[in-house]
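A short worksheet on the structure shown next.
As the structure is a prediction and not an experimental result, all values here were calculated from the model. Here is how names work: the chains are called A, B, and so on, in the same order as the sequence lines, proteins then strands, and each is numbered from 1.
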Number of protein chains: 2
Amino acid sequence: MSRRDEVLEAALELLDEVGLDALTTRRLAERLGVRPSALYRHFASKRLLLDAMVEHIAARGAAPAAPHGDWTAQIHSAAGNMREAMLAYRDGARLMATFVEPGPAAQASWNWFTGVARSAGASRELAELAVDTLTSYVQGFTIEEQARKSGVPRARRDKEFRAGLDLIITGIKASFS
Amino acid sequence: MSRRDEVLEAALELLDEVGLDALTTRRLAERLGVRPSALYRHFASKRLLLDAMVEHIAARGAAPAAPHGDWTAQIHSAAGNMREAMLAYRDGARLMATFVEPGPAAQASWNWFTGVARSAGASRELAELAVDTLTSYVQGFTIEEQARKSGVPRARRDKEFRAGLDLIITGIKASFS
DNA sequence: ACCTGAACACCGTTCAAGT
DNA sequence: ACCTGAACACCGTTCAAGT
């Protein structure tokens, strides 16, 4: 594990402990037992560090290589993975909302998603629409969830998430042909 | 117009010009021709100023008092209003994602939304599910849009937004028992 | 009621220098 | 390769004091 990876790992731990607003380069340096200026050997700017964190979460949330079940089950597990990856760190969803260029993991996820929709019988247009709509939903739901539903039990949030997902899947199904 | 409102208005203008990350109390003070410490007479903290900005945008995006058309048309115009209000300021959607407690405008919007769904024949459960799903979608779509679709022409983004909305509305319709 | 002046404890970042 | 030390231009916020 490179020093760069150690910095990245520490940053993710710190994010989970203190949240996005309190994630500062100075605190991160302190946690690593190092001066703030030392970080700039590994990441040229805080923005690039945040991008690496985004990529890490996106990769963690990417769809499985060997999926099973029908396409609706695959959508459920892929969307569930995305949400899970963002929930794994405090403010994870809000962090994901700050990136500008989608990284390799985000693009791979998008491709996998559209592939599932296409093989289920959707046209290229419908597949892309479906994926974009699902992505917006998952992103929006999880941001809302992390910001304002800390009081709601996890099981209830899971149920709400799946219900909304089913609503959209129903819409996709009804749009075939 | 109270001085407080003038400060709020200046903050919204500044947000639109420089974006959320560069919206600092010091820059805001400069724009008002005043020292930073003077702001604290009107807002006890930057967080409370941001909350007031959120409430302003939420109110601007609230549904019209006299709606017309069938329920799908009403959903379209209400969701469109929400998106429009967030698009009115740079990073508007990301700002909306930072609030913790929903203000009066957000709650009124939510109530109006569920009322439309209920009067269309949805059960209380389905109505609430529909509103939460639509809200997550609009939020997620608009964040994505402001962060990463500045190159895509407005007309195309509008079309994408409406298509996703229709997909969800189709799902809601199909869920009417 | 509204603002200034001065201060405090922070930020991200650069750069020469050390090992 | 990795880090320190010192510095720079910033932050949000408090508080006594002015008008």
Side-chain angles (χ1 to χ4, degrees), chain A residues 1-57 89-92 94-101 147, chain B residues 1-57 89-92 94-101 147:
Chain A
M1 178 136 132
S2 68
R3 186 79 244 244
R4 192 190 140 98
D5 286 344
E6 288 172 7
V7 171
L8 175 56
E9 191 179 49
L12 287 162
E13 287 170 11
L14 184 59
L15 170 66
D16 194 41
E17 285 169 25
V18 303
L20 190 56
D21 297 335
L23 175 67
T24 67
T25 56
R26 295 178 113 97
R27 257 188 269 257
L28 176 58
E30 194 184 20
R31 161 183 274 265
L32 286 161
V34 113
R35 296 298 135 107
S37 53
L39 298 174
Y40 289 79
R41 164 142 290 267
H42 309 291
F43 294 94
S45 69
K46 187 183 179 183
R47 180 62 264 173
L48 288 174
L49 169 60
L50 292 176
D51 287 347
M53 295 169 73
V54 163
E55 183 62 18
H56 178 93
I57 294 177
Y89 303 96
R90 166 130 81 121
D91 291 332
R94 227 175 84 213
L95 170 61
M96 296 300 285
T98 66
F99 81 101
V100 178
E101 296 288 340
Chain B
M1 180 137 134
S2 68
R3 186 78 243 246
R4 192 190 141 99
D5 286 345
E6 288 173 8
V7 171
L8 175 57
E9 191 179 47
L12 287 162
E13 287 170 12
L14 185 59
L15 170 66
D16 194 41
E17 285 169 24
V18 303
L20 191 56
D21 297 335
L23 175 67
T24 66
T25 55
R26 294 178 112 97
R27 257 188 268 257
L28 176 56
E30 194 183 20
R31 160 183 275 265
L32 286 161
V34 113
R35 297 296 134 107
S37 53
L39 298 174
Y40 290 79
R41 165 142 290 268
H42 308 291
F43 294 94
S45 69
K46 187 183 180 182
R47 181 62 264 173
L48 288 173
L49 170 60
L50 293 175
D51 286 347
M53 294 168 72
V54 163
E55 183 64 16
H56 178 93
I57 294 177
Y89 302 96
R90 166 131 81 121
D91 290 333
R94 227 176 83 213
L95 169 61
M96 296 299 285
T98 67
F99 81 100
V100 179
E101 297 288 339

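Within 4.0 Å (heavy atoms only), B:Arg35 reaches sugar-phosphate atoms of the nucleic acid but no base atom. Nucleic acid contact for B:Ser45: sugar-phosphate only, since backbone atoms but no base atoms lie under 4.0 Å from a heavy atom of the residue.
For DNA chain D, the contact window with chain B, defined by any atom under 4.0 Å from a protein heavy atom, covers D:dC11 to D:dC15 in 5' to 3' order.
With a cut-off of 3.5 Å on both pairing distances, the Watson-Crick and G-U wobble pairs of DNA chain D assemble into stems of 3 or more at C:4-8 with D:12-16, C:12-16 with D:4-8.
Taking 4.5 Å as the limit, some side-chain heavy atom of A:Phe43 sits within range of a side-chain heavy atom of A:Val7. A 4.5 Å side-chain heavy-atom check between A:His42 and A:Leu49 finds every atom pair outside the cut-off. A:Val18 has its side chain within reach of A:Leu14: a pair of non-hydrogen atoms, C-beta onward, lies under 4.5 Å apart. Put simply, the side chain of A:Glu9 does not reach to within 4.5 Å of the side chain of A:Asp5, judged on heavy atoms.
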Exercise for the section: In sequence, state the C-alpha distance, the side-chain angles, and the governing distance for B:Arg27 and B:Glu17, and then conclude on salt bridge (Lys or Arg N to Asp or Glu O under 4.0 Å). Expected result: CA-CA 11 Å; B:Arg27 257 188 268 257; B:Glu17 285 169 24; over 6 Å; no

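At a non-hydrogen distance threshold of 4.0 Å, nothing from residues 20-32 of chain B comes into contact with DNA chain C.
Rounded to the nearest 0.5 Å, atoms CG (A:Leu95) and CD1 (A:Ile57) are 5.0 Å apart.
Comparing B:Arg3 and A:Ala38 against DNA chain C, the residue whose closest nucleotide sits nearer the 5' end is B:Arg3.
Applying the side chain to side chain donor-acceptor pair (under 3.5 Å) test to A:Arg94 and every residue at least two apart in sequence or in another chain returns A:Asp21. Residues forming a side chain to side chain donor-acceptor pair (under 3.5 Å) with A:Glu6 (at least two apart in sequence, or on another chain): A:Arg3.
Taking every heavy atom of both residues into account, A:Leu23 and A:Leu50 meet most closely at CD2-CD2, 3.9 Å.
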Using atom types as modelled, flag every donor-acceptor pair under 3.5 Å from a side chain in residues 32-40 of chain B to any protein atom, sequence neighbours excluded.
none

